[in-house]
Student: 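Provided herewith is a single structure, encoded as structure tokens, for subsequent inquiry.
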Amino acid sequence: AGLFQSACSGANERTFVAIKPDGVHRRLVGEIIRRFERKGLQLVGMKLLQASEELLKEHYVALRDRPFYGRLVKYMSSGPVVAMVWQGLDVVKTVRTMIGETNPAESRPGTIRGDFCVEVSKNVIHGSDSVESAQQEISLWFRPEELTCWEDTAEHWIYA
Ligand code: IDP
């Protein structure tokens, strides 16, 4: 446990991000990656895939009793998604802040949802809501060998 913690906390914290089918169709992939890169976060995994309903039902299992669950799974499987893992200090919280609120109407300008979408059912991007769910989602969407640990040569210019 100690080893795992030292590998996954501090500047090594990781989060799962998915650009949803509407984000891919609306050509927002580059814009979204650009924002996280410029912030100083480190990209350690990325793939474009058409997610199966089975995968998405598991991903959203906590919402299975909500009335929109079926529509949500259909929406998320209706086109390609870009699945990513980003790493950095407090990355889970930082990414959620940069994404904005679940409902785009409540998201401030300057956030991804505040800038690029209008409705909760087409809100462009997913980001893990806690360190625990990030770990679960990363292991659901990625095999360990699909994640790359690479030495960040800019680290001294980003971290104290
Ligand atoms: P989050 O994506 O901001 O973490 P969650 O509450 O975990 O928000 O909901 C997951 C996703 O389910 C949302 O991003 C959105 O796409 C969808 N969703 C949430 N609430 C509603 C709703 O009231 N109607 C339709 N879709 C919803």
Side-chain angles (χ1 to χ4, degrees), residues 4-5 8-143 146-147:
F4 185 70
Q5 277 209 325
C8 294
S9 60
N12 293 325
E13 187 176 294
R14 289 178 170 184
T15 195
F16 174 73
V17 173
I19 304 174
K20 299 181 176 184
D22 49 328
V24 176
H25 278 276
R26 293 185 47 215
R27 314 297 199 265
L28 293 171
V29 172
E31 168 67 31
I32 289 168
I33 290 173
R34 179 170 176 261
R35 290 184 176 213
F36 295 139
E37 277 197 315
R38 289 193 308 181
K39 174 68 176 170
L41 306 180
Q42 189 182 17
L43 182 62
V44 295
M46 178 162 74
K47 59 186 172 184
L48 177 82
L49 75 161
Q50 180 102 29
S52 67
E53 292 200 9
E54 188 190 11
L55 172 68
L56 293 161
K57 281 179 178 164
E58 178 65 24
H59 174 79
Y60 282 125
V61 69
L63 300 174
R64 67 185 175 281
D65 296 328
R66 306 294 287 275
F68 56 83
Y69 179 67
R71 266 172 288 140
L72 174 61
V73 168
K74 282 271 183 301
Y75 153 52
M76 288 293 290
S77 60
S78 67
V81 304
V82 177
M84 297 179 280
V85 178
W86 288 88
Q87 182 170 307
L89 184 67
D90 283 330
V91 71
V92 171
K93 185 162 166 273
T94 297
V95 163
R96 292 282 293 191
T97 301
M98 291 174 73
I99 286 176
E101 302 301 317
T102 301
N103 185 351
E106 288 159 14
S107 302
R108 301 166 73 100
T111 64
I112 293 167
R113 286 173 177 162
D115 286 348
F116 300 123
C117 52
V118 174
E119 289 211 283
V120 70
S121 56
K122 295 278 185 312
N123 62 358
V124 166
I125 184 168
H126 166 84
S128 307
D129 64 3
S130 68
V131 172
E132 296 70 42
S133 52
Q135 285 165 3
Q136 278 168 15
E137 291 170 3
I138 290 166
S139 60
L140 179 67
W141 287 79
F142 286 90
R143 295 191 302 273
E146 290 179 308
L147 302 178

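Atoms within a ligand are numbered from 1 in the order they appear, just like the ligands themselves. Worth saying up front: this structure is predicted, and the values here are computed from it rather than measured.
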Student: Does an N or O anywhere in E101 fall below 3.5 Å from an N or O of ligand 1?
Tutor: no
Student: Run the side-chain hydrogen bond (donor to acceptor under 3.5 Å, both in side chains) test on S130 and S133 for me, step by step, so that the C-alpha distance in whole Å, both residues' side-chain angles and the decisive distance to 0.1 Å come before the verdict.
Tutor: CA-CA 5 Å; S130 68; S133 52; 2.9 Å; yes
Student: Which atoms of ligand 1 sit under 4.0 Å from any heavy atom of R113?
Tutor: 2 (O), 3 (O), 14 (O)
Student: Would N123 count as a polar contact of ligand 1, with the cut-off being nitrogen or oxygen pairs under 3.5 Å?
Tutor: yes
Student: Please list the nearest protein heavy atom to atom 22 (C) of ligand 1 with its residue and the distance rounded to 0.1 Å.
Tutor: F68 CD2, 3.5 Å
Student: Hey, is D129 close enough to K93 for a salt bridge, meaning N to O under 4.0 Å?
Tutor: no
Student: Any atoms of ligand 1 less than 4.0 Å from a non-hydrogen atom of Y60? List them with their elements.
Tutor: 10 (C)
Student: Contact between V17 and V85 at the side-chain level, heavy atoms closer than 4.5 Å - yes or no?
Tutor: no
Student: How does K20 reach ligand 1, if at all, at less than 4.0 Å between non-hydrogen atoms: by side chain, backbone, both, or neither?
Tutor: side chain
Student: Heavy-atom distance to atom 11 (C) of ligand 1: which of V124, I125, D129, L72 wins?
Tutor: L72
Student: Taking distance alone, with N or O pairs closer than 3.5 Å, would you say T102 contacts ligand 1?
Tutor: yes
Student: So, are R113 and E101 salt-bridged, with charged N and O less than 4.0 Å apart?
Tutor: no
Student: Answer with side chain, backbone, both or neither: which part of L63 has a heavy atom less than 4.0 angstrom from an atom of ligand 1?
Tutor: side chain
Student: Is R71 in polar range of ligand 1, meaning some N or O pair under 3.5 Å apart?
Tutor: no
Student: Whether the side chain of R27 engages the backbone of H25 through a donor-acceptor N/O pair (distance < 3.5 Å, no angle test) should be reported.
Tutor: yes
Student: Determine yes or no for a side-chain-to-main-chain donor-acceptor pair under 3.5 angstrom, with Y60 supplying the side chain and G70 the backbone.
Tutor: no
Student: Tell me the protein heavy atom at minimum distance from atom 24 (N) of ligand 1, and give that distance in Å.
Tutor: V120 CG1, 3.6 Å
Student: Under 4.0 Å, heavy atoms only, figure out whether ligand 1 is touched by the backbone of E119, its side chain, both or neither.
Tutor: neither
Student: Can you tell if the side chain of V120 reaches within under 4.5 Å of the side chain of P104, non-hydrogen atoms only?
Tutor: yes
Student: Testing the basics here: between M84 and I33, what is the closest heavy-atom pair and its distance to 0.1 Å?
Tutor: SD-CG1, 3.8 Å
Student: Does R96 reach ligand 1 with a nitrogen or oxygen that is under 3.5 Å from one of the ligand's nitrogen or oxygen atoms?
Tutor: yes
Student: Taking the side chain as C-beta and beyond, is there a heavy-atom pair between V82 and M46 under 4.5 Å?
Tutor: yes
